[in-house]
Participant: 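My structure is below; once you've seen it, I'll send some questions.
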Amino acid sequence: MNLDAKIPVGELSEKWTKYKSSIPLVSPANKRRIDVIVVGTGLAGAAAAASLGELGYNVHCFTFHDSPRRAHSIAAQGGINAAKNYQNDGDSVYRLFYDTIKGGDYRAREANVYRLAEVSASIIDQAVAQGVPFAREYGGLLENRSFGGVQVSRTFYARGQTGQQLLIGAYQALARQVSLGNVKLYNRHEMLDLVIIDGKARGIIARNLLTGKLERFGGHAVVLGTGGYGNVFYLSTNAMGSNVTAAWKSVKRGALMANPCFTQIHPTCIPVSGDYQSKLTLMSESLRNDGRVWVPKNISDAQAIQQGKKTGAQIPEADRDYFLERRYPAFGNLVPRDVASRAAKVECDKGHGVSPTGLAVFLDFGAAIERYGKSKANVLGIHNATPNQITELGEAVVSEKYGNLFEMYEKITGENPYKTPMKIYPAVHYTMGGLWVDYNLETNIPGLFATGECNFSDHGANRLGASALMQGLADGYFVLPYTIGVFLSQEIRTPKIDTQHQAFVEAEQNVTHTLNQLINVKGNQSVEALHKKLGKIMWEYCGMARNKEGLTKARTMIQDLKKEFWSDVYVPGTANEFNPELEKAMRVADFIELGELMVMDAANRNESCGGHFREEYQDEGGETLRDDENYKYVANWSWPNGQDEAKLYIEPLKYEFIKIAARNYK
Amino acid sequence: MSALHLNLKVWRQKNQQSKGEFQTYQVEANEHMSFLEMMDVLNQDLIEKKKEPVAFDHDCREGICGACSMVINGKPHGPLSGTTTCQLHMRHFKDGETIVVEPFRAKAFPIVRDLVVDRSSFDRIIQAGGFISVNTGQAIDGNAIPIDKDTASKSFDAAACIGCGACVAACPNGSAMLFTSAKISHLGLLPQGKMEHTRRVNNMVSQMDEEGFGFCSNIGACEAECPKGISLENIARMNRGYIKASLLD
Amino acid sequence: MSLSGLFLIVFLLIHLLGNLQLLKADGGQAFNIYGYFMTHNPLIKMVSYGLYLFILIHAIQGTLLWLKNRSAKGSSYAVNSNAGTNMFSRYMMHFGIIIFIFIIIHMIQFWLKMKMGVLDQVSYDGVDHTVANLYAPCQLAFSNIGYVLFYVLSMLILAFHLNHGFQSAFQTLGWNHPKYNGLIKIVGLLYSILIPLGFAIIPIFMFLNK
């Protein structure tokens, strides 16, 4: 297979501008005759569907939710990066590009990342015009804050609900196109197969979740914006419904899965409290702007806390180990996520953890409260403020910044984070891997495009905070609507896709068969129970730390689990009705296969980079040890049958414009 | 960790056409579970007994997507104010308690199954005008129009709506005024959205009527039950816009 | 709803001011002269037709709203919680019906008699024409404990109706501002207590002074 990333030639900073103006156009009259299917209505999907609708294409947009606004982009908290340099702190497109490549541990494509940084500024403009109420200064101008892995303030935010506000902006743009008749919206429809005719993606089979009926939809092109697959770990910060099915069905039809083992473990999540737990809750990275991460220096103190005999507040300053500040003085608490997560795991593994399970570290706002309190007292002209007054004033400032996060923490844990330090632990959050796409965001299947978290994207082996929103919207608003023209301009003579075509018949039969199979196992285990088993294997062997031996073992375990699933799953009800258990069963079946591929990928990559930490490959200080000579590539897997060995296709990464080096946050 | 033994009276209804009824179940939960995790326990138990689990909408379980619904002991999203069902934890219930769980009820929210209702009428209200007409790529610089902090903040307060429909569920009139007015406030307060304000108000209000939502009689149950604290002030703002539109157009 | 309501609210105040003359210990002179004025001034007559119209509009609109809202709700909950809301707001229709019945009885009792011309005519010094003695039937009616109770209870219901209606009208008209909401609330509360109280005092007073 020839993997051509189709990167335009020329100077890095001119590639996109030049390319954009050379992309063939489709005339307005022809656009009206072209059907485009967009699956998913998160930031990438909704933005793409709305923009394509505005351009005049006939868009058919699908979501498995009851409303496009439920897509999980909505839960993003902290913010969105953009190289606006409004703060005059030396930011630039190049710096955002560089930070992103470095943050991704040099495993992303230069040209793609540069384009991302370039269009980032337009995203903010677009969102403001749509009515996204970003945080503002008293002067009425946009406010920024800082995020992990960078030394400038380029993150735009809307309280702790940036994702919600941006998604609602995109959702409203989509709603407008629906009202204008340019987009037809299908809610509670889940894509269960991709239809390929003469080698091109020409439609999907979707299940109407309300009636259970399978429906055929034809289109000249298919765009996926279906998000990431973090739920392969069962417990993650993803929504309960987030799944890999649309992408995985494409893999089954020949699409390549790129770097599937690149998973982001987010350092600041509320720790697991019990076996019943259904999902994990993220505490925004923005908290690390003011919160200090620490564990007790003495194991005896840690044990006392674990047993509930001591609280964090009782540990004197001298006996606290602010391990991020100690290990990474230059970036301190704001090191990238993979680095912070690993450091927390190291401390807990050494026995310094602070929850009953020993799997938690403190995120402490005491110092910030005092600092803000003093400064506020000065502002108010209170010169001899009492410690109580300072605390009170400081808490008010912290509440203004992070109030909703603190409330959420208290709701879930029942503890007041103003008084006792938060307990946090890393959890699966984002997947950098995904469908392989070229510079046009087109997969190796002509006419099949992937956007947002669904593609293997621009984040390399680790994504920086506040960059997921940026990438999803960049793809949806400013990249795909142009680049899809490269394919569609060749399709103006293609008539409306005939859904009676044999390929549709075959695909529909394929789905019917799988659904019936799932229903007819009539075994003894619930889908949930089997999913939990998969999650445990993945977290244990393919989570924050991986090694060859474990990965080999995990592969066998997953293969066994797959057999167990198909012989012992119990799915109640029928396929011809609203049946959430059946939906889940299909998703978990796909997760199991994906899990096996992830393990294969992780075992293949004999190096540590970003979120992929192979214990065999680390330096004396416990930092990742990359192998640029042998693994400076994108690992793309072809595995249509889901059995035997998956086939690896390599896309070497070329760094023409930046010098690659060991990542250093010290 | 103390165990909670609960009696659950749950509304079961096969589909929109069929007649529903309450079924009683015993569930053993603990205080650290969320309400939905307690429902998961119930469903696991039902599946193990080869019975149909209770269908309910849920997704993010972080209180932001607006998917979860349910009326718990007569209150949408349960007894805790400012909290969605998914963020409600069992430590707020007592051992031995009987909990009545019903779907959101309103004519414009037909029941799909058990506790799942169809809220697509909300989407259609937004489609009627809940947007600012700007195409991708047309925008001017984000800082070109300064917006004072308080206005932006007020707009945000309204934009915090998660579209869950608790306002409709709580309203004895099945009215969607709080939802609709929140969108009208969110956009109408911003300079970018002012241009279309009157048209937006007219179109959204008439769509709301068309969907079969009731009228507002200022009972205030919506505000009291809204998990995001959306204020009645928004309804007044919408009314003002609507009256102005009727008088001047 | 809100506009007709606000008109009726204003009417109540004027009506009360007039009626308070019943409390004067002058054998009904002031009240009867006032009654004559109210029934013979052409402007007042016009306004009074408007009043009947507004009462009807208010009642019809209210009924339609109630019907529409009931159908919009569809089915009701097994468990109801009214926490955090004004209890009265949920029973405006019920209160309205009682008040409407009251108005009909009230009008048959006094207004109809006045209009039919069945009342005795009395003359007062300084008035160059005779006036109908409306005071007499009032005196008669309010010497009956049953009527007094009926009036007082109706006024209680009116208080409930006003308690929600007053501020609700402002909200519906969009006259809502965080700075003045508190004021509207307080004025509404006082209004809903003082006006019905004023009306209720009259029958009690007349009963006690019969």
Side-chain angles (χ1 to χ4, degrees), chain A residues 50-51 54 65-70 72 74-75 84 86 122 124-126 128-131 133 136-142 158-159 161 164-165 168 172-173 175-176 178-179 185 187 210 239-241 273-274 276-279 281 408 411-412 414 477-478 481 526 528 570 572-573 578 580-581, chain B residues 15 30 32-33 36-37 40-41 44 47-48 50-53 55 57-67 83 87 89 91 112-113 116 118-120 122-123 126-128 130-136 138-143 146-149 152 155-156 159-160 163 186-187 190 192-193:
Chain A
S51 302
E54 287 161 11
H65 286 108
D66 68 329
S67 163
R69 67 182 298 153
R70 313 265 186 247
H72 195 53
I74 203 146
K84 279 282 200 187
Y86 280 159
S122 311
I124 302 303
D125 300 340
Q126 186 63 27
V128 168
Q130 288 170 343
R136 291 189 178 258
E137 317 265 7
Y138 279 111
L141 302 180
L142 293 159
R159 295 191 194 157
Q161 290 132 273
Q164 179 200 26
Q165 294 308 317
I168 285 177
Q172 285 169 188
R176 175 167 163 253
V178 172
S179 74
L185 184 65
N187 66 345
L210 289 178
M240 301 301 286
S273 66
Y276 52 82
Q277 194 134 356
S278 60
K279 77 152 281 170
T281 303
M408 183 145 87
K411 266 177 203 165
I412 293 172
Y477 285 133
F478 296 107
S526 69
E528 209 69 24
Y570 175 71
F578 181 70
E581 280 298 308
Chain B
N15 53 43
N30 75 53
H32 293 296
M33 289 178 179
L36 295 185
E37 283 165 350
D40 290 342
V41 172
Q44 281 308 302
I47 292 170
E48 269 163 36
K50 307 267 152 113
K51 287 182 185 159
E52 297 249 342
D57 264 328
H58 64 105
D59 197 34
C60 78
R61 299 205 176 186
E62 291 179 22
I64 195 77
C65 76
T83 307
Q87 296 275 282
H89 280 68
R91 66 181 78 97
V112 170
R113 181 172 193 153
V116 177
D118 178 359
R119 290 170 282 190
S120 51
F122 268 16
D123 282 335
I126 298 295
Q127 284 156 17
F131 46 74
I132 291 174
S133 298
V134 53
N135 278 1
T136 304
Q138 290 180 331
I140 51 169
D141 186 85
N143 261 347
I147 304 174
D148 79 278
K149 196 178 166 85
S155 166
F156 193 109
H186 159 209
L187 299 175
L190 297 170
Q192 290 85 353

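Chain identifiers are assigned alphabetically (A, B, ...) following the order of the sequence lines, protein sequences preceding nucleic acid strands; residue numbering begins at 1 within each chain.
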Participant: Examine whether an atom of Ser122(A) lies under 4.5 Å from a heavy atom of chain B, and if so say whether it belongs to the side chain, the backbone or both; otherwise answer neither.
Facilitator: neither

Participant: Counting only non-hydrogen atoms closer than 4.5 Å, does Gln277(A) touch chain B with its backbone (N, CA, C, O), its side chain (CB onward), both, or neither?
Facilitator: both

Participant: So which heavy atom on Met408(A) is nearest to which on Glu62(B), and how close?
Facilitator: SD-O, 3.6 Å

Participant: Who among Glu52(B), Arg91(B), Gln192(B) has the most heavy-atom pairs with chain A under 4.5 Å?
Facilitator: Arg91(B)

Participant: Using non-hydrogen atoms and a 4.5 Å limit, figure out which bit of Gln138(B) sits close to chain A: side chain, backbone, both or neither.
Facilitator: backbone

Participant: Taking only residues two or more places apart in sequence or in another chain, which ones pass ring-ring contact (aromatic ring centres under 6.0 Å, His included) with Tyr86(A)?
Facilitator: Phe156(A)

Participant: Given a strict heavy-atom distance threshold of 4.5 Å, which part of Leu141(A) is in contact with chain B: side chain, backbone, both, or neither?
Facilitator: both

Participant: By a 4.5 Å heavy-atom criterion (distance strictly below it), what part of Leu190(B) contacts chain A: side chain, backbone, both, or neither?
Facilitator: side chain

Participant: Please classify the contact of Gln87(B) with chain A as side chain, backbone, both or neither, using a heavy-atom distance under 4.5 Å.
Facilitator: both

Participant: Show the nearest heavy-atom pair for residues Gly142(B) and Lys84(A), with the distance to one decimal.
Facilitator: N-NZ, 4.2 Å

Participant: Tell me, side chain or backbone of Gln126(A) under 4.5 Å from chain B's heavy atoms, or both, or neither?
Facilitator: both

Participant: Among the options Pro68(A), Ser67(A), Pro133(A), pick out the one with the most heavy-atom pairs lying under 4.5 Å from chain B.
Facilitator: Pro133(A)

Participant: Under the rule for side chain to side chain donor-acceptor pair (under 3.5 Å), what residues qualify as partners of Asn143(B), not counting sequence neighbours?
Facilitator: none

Participant: For each of Val41(B), Val112(B), Val116(B), Val134(B), tally heavy-atom pairs with chain A at distances under 4.5 Å, and name the one with the top tally.
Facilitator: Val134(B)

Participant: How close do Asp57(B) and Ala67(B) get, heavy atom to heavy atom, and via which atoms?
Facilitator: CB-O, 3.2 Å

Participant: Please look at Asp66(A) and chain B and tell me whether the side chain, the backbone, both or neither of the residue comes under 4.5 angstrom of a heavy atom of that chain.
Facilitator: both

Participant: Is Leu142(A) in contact with chain B via its backbone, its side chain, both, or neither, using a 4.5 Å heavy-atom distance?
Facilitator: both

Participant: Quick check on Asp40(B) against chain A: is it the side chain, the backbone, both or neither that has a heavy atom closer than 4.5 Å?
Facilitator: side chain

Participant: Can you tell me which portion of Arg113(B) sits under 4.5 Å from chain A's heavy atoms? Options are side chain, backbone, both or neither.
Facilitator: side chain

Participant: Side chain, backbone, both or neither: which part of Gln165(A) has an atom under 4.5 Å from a heavy atom of chain B?
Facilitator: side chain

Participant: What part of Gln127(B) gets closer than 4.5 Å to chain A, counting heavy atoms only: side chain, backbone, both or neither?
Facilitator: both

Participant: At a heavy-atom distance under 4.5 Å, which candidate from Ile140(B), Asp118(B), Ile64(B) has the highest pair count against chain A?
Facilitator: Ile64(B)

Participant: At their closest point, which heavy atom of Phe131(B) faces which heavy atom of Leu187(B), and how far apart are they?
Facilitator: N-CD1, 3.5 Å

Participant: Could you have a look at Pro53(B), Gly193(B), Ala159(B) and say which one has the most heavy-atom pairs with chain A under 4.5 angstrom?
Facilitator: Ala159(B)

